[in-house]
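A short write-up of the structure that comes next.
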There are 2 protein chains.
Amino acid sequence: MQIKNKHQINHRISTDCVIFGFDFNQLRVLLIERQPVEGVPQMMALPGDLIFEEENLDMAAGRVLKELTGLEDIFLEQVGAFGDPNRVNKPNDKKWLQAVRQDPDARVITVAYYTLVNMNDYEPQPSSFAKSASWILVDDITELAFDHFEIFQSALKKLKDKINTQPIGFNLLPEKFTFSQLHKLYESILGNELDKRNFRRKMLKLNIVESLDEKQEGVPHKPSQYFKFNEENYLKLLEKGFNNFGF
Amino acid sequence: MQIKNKHQINHRISTDCVIFGFDFNQLRVLLIERQPVEGVPQMMALPGDLIFEEENLDMAAGRVLKELTGLEDIFLEQVGAFGDPNRVNKPNDKKWLQAVRQDPDARVITVAYYTLVNMNDYEPQPSSFAKSASWILVDDITELAFDHFEIFQSALKKLKDKINTQPIGFNLLPEKFTFSQLHKLYESILGNELDKRNFRRKMLKLNIVESLDEKQEGVPHKPSQYFKFNEENYLKLLEKGFNNFGF
DNA sequence: TGCCTTTGTGTCAAAAGTACACTTTGCGAA
DNA sequence: TTCGCAAAGTGTACTTTTGACACAAAGGCA
């Protein structure tokens, strides 16, 4: 590592979280409204914060997540570092920064994370930014403040890749779920249709979901069996050198 | 984004590069020796530097790469952000920092990149850190300074994943190459053997390598046909929805 | 009782994967 | 000149996986 004093420029580092949820039908992301500022159109943004002095990156992202959703110790993975949101080509972002910040020209690098939450466990917190949070359909997200749209797209791509590598989708579901819910979940994430029978065959052959002795009740159609994720069997799969679901 | 002044802590941001090369037999990484410091054992490290004021992250990584290898405009992808190398549990790193830096306690975040170079194109540069650079076999890398070993492992994993998704391996080879070279390359990256005939069949079916009218010369065995990567055909593949090589 | 909605199931053909061994080519040494 | 060596190049038989596709079963409700 090369150290030259002239390069020792200070930055502020923030973390932003792409929080995915699934409402049994569609994939959503938890976004917040920015503080309203005169003359700047409202725009949604990813929740985030600057990093505390005593924190490392993962801790900061975990803190933002907890302050917003009440959740901790859940799946949380880094998307990457994104440079210079201040220079992003959105004049209104600059205006907004001037209004709410002391030094709008300070350089900020953000380290983005994504996480998968079971929406039923979500409990809106009384923290300042949480009041304006809402679950937005992934398909409806077309623009965000700063470079947050780019971050969101990277996170979604990462999720798509990862779903084929690790059984992380179960984080978006409650402990027991139906096969249709699981099926819909994979379709939502991958963005295309999957044949019902082929999906079921493939998933069952992997042996990582286990049927429970319990059925749906009160539904006006044939009730579905409930299933749960079987972690031990997944670990056995891993030992056999498994590395791709192939969806 | 939540702004509170008390969080506006300054950091230094550096970039480190995992530069992969392939010597027709094994995968290597370009590492540098740290400046010798009395009482600190020599340890190798990833090349890197602090970020210049007017640079964004990608530019800084590109600059480090160019200063070291003379190469520019080649495959370069972010691995991620790594926090707090200063706190890493290696007392000797701390001693080294005290010796070479003014403020060894300043907090540093590094954004790591990885790149794939054709070793024939590598031209050692007269920059200060380049003098001590050498190509180390991936299998021989067991420890590095700071958190560089962790970064190296992440980069290698990323490379393994990516090789199944995009034909990036060709960046490690010269324009014309033999099938055995390509075969060995895939084996080196993936870390396991691949059946020669099956590998060839699969690769040829994808139609992204094209046989040239040229053979090896002067080799004491049957000469190999030369091949080259065919980008147009790869783009056609992509249009058909291709997304996994399945190696 | 009939209707609506969603669950749950099997087969067949095509494609892909896996395991495996011998001939060819060219150089160099005897 | 011939023999040996080393790597290139090639095909087949079998198994497994994929992909396309349609209808009966269950339960609530009107």
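Lettering of chains follows the sequences in order, A, B, ..., and the numbering in each one begins at 1.
- A/Lys202 forms no cation-pi arrangement with A/Phe245, by the criterion of a distance under 6.0 Å to the ring centre and an angle within 45° of the ring axis.
- In this structure, A/Glu193 places its CD atom 19 Å from P of D/dT18, rounding to the nearest Å.
- The side chain of B/Pro220 approaches C/dC27 more closely than any other nucleotide in the set D/dA8, D/dA26, C/dC27.
- Between A/Arg63 and A/Glu67, at least one side-chain N (NZ, or NE/NH1/NH2) sits under 4.0 Å from a carboxylate O, which counts as a salt bridge.
- Following rounding to the nearest Å, B/Phe227 (CZ) and D/dG9 (P) show an atom-to-atom distance of 6 Å.
- A close approach under 4.0 Å does not occur between any side-chain nitrogen or oxygen of B/Ser180 and OP1 or OP2 of D/dA7.
- At D/dA7, none of the side-chain N or O atoms of B/Ser224 fall inside 4.0 Å of OP1 or OP2 (strictly under the cut-off).
- Near DNA chain C, meaning a heavy atom under 4.0 Å from it, residues 196-209 of chain B has B/Arg197, B/Asn198, B/Arg201, B/Lys202, B/Lys205 in order of number.
- Comparing A/Asp195 and B/Gln216, the nucleotide of DNA chain D nearest to each residue sits closer to the 5' end for B/Gln216.
- Using modelled atom types, no side-chain atom of B/Gln78 and backbone atom of B/Val111 make a donor-acceptor pair closer than 3.5 Å.
- Evaluated for a side chain to side chain contact (heavy atoms under 4.5 Å, CB included) with B/Leu27, the options B/Leu137, B/Leu159, B/Asp139, B/Leu116 yield exactly one hit, B/Leu159.
- For the side chain to side chain contact (heavy atoms under 4.5 Å, CB included) with B/Tyr113, the qualifying choice from B/Asp58, B/Val18, B/Asp16 is B/Asp58, the only one to do so.
- The distance from atom CD of B/Gln181 to atom P of D/dG9 is 11 Å, rounded to the nearest whole Å.
- Around CD of A/Glu231, the count of heavy atoms belonging to other residues, nucleotides or ligands within 6.0 Å does not exceed 12.
- Contact check of residues 240-247 of chain B against DNA chain C (heavy atom, cut-off under 4.0 Å) returns no residues at all.
- The interatomic distance linking A/Lys215 (NZ) with D/dA26 (P) rounds to 8 Å, in whole Å.
- Atom CG of A/Asn25 is separated from atom P of C/dT6 by 10 Å (rounded to the nearest Å).
- The backbone N or O of B/Glu77 sits nowhere less than 3.5 Å from a side-chain atom of B/Lys158 that would complete a donor-acceptor pair.
- Residue B/Gln225 is in sugar-phosphate contact alone, with no base atom involved, counting any heavy-atom pair closer than 4.0 Å across all strands shown.
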Q.
What verdict does the side-chain contact (heavy atoms from CB on, under 4.5 Å) test give for B/Trp135 and B/Tyr122, after you've listed the backbone C-alpha separation in whole Å, the side-chain angles of each residue and the deciding distance to 0.1 Å?
A. CA-CA 11 Å; B/Trp135 290 102; B/Tyr122 166 58; 3.2 Å; yes

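- Per the geometry, CZ belonging to B/Phe177 stands 14 Å off P belonging to D/dA8, to the nearest Å.
- Ring-plane geometry between A/Phe199 and A/His183 is classed as parallel, the angle between the planes falling under 30 degrees on a 0 to 90 degree scale with a further cut at 60.
- For the pair B/His221 NE2 and D/dC3 C1', the computed distance is 18 Å after rounding to whole Å.
- At whole-Å resolution of the value, NZ in A/Lys222 and C1' in C/dG8 are 5 Å apart.
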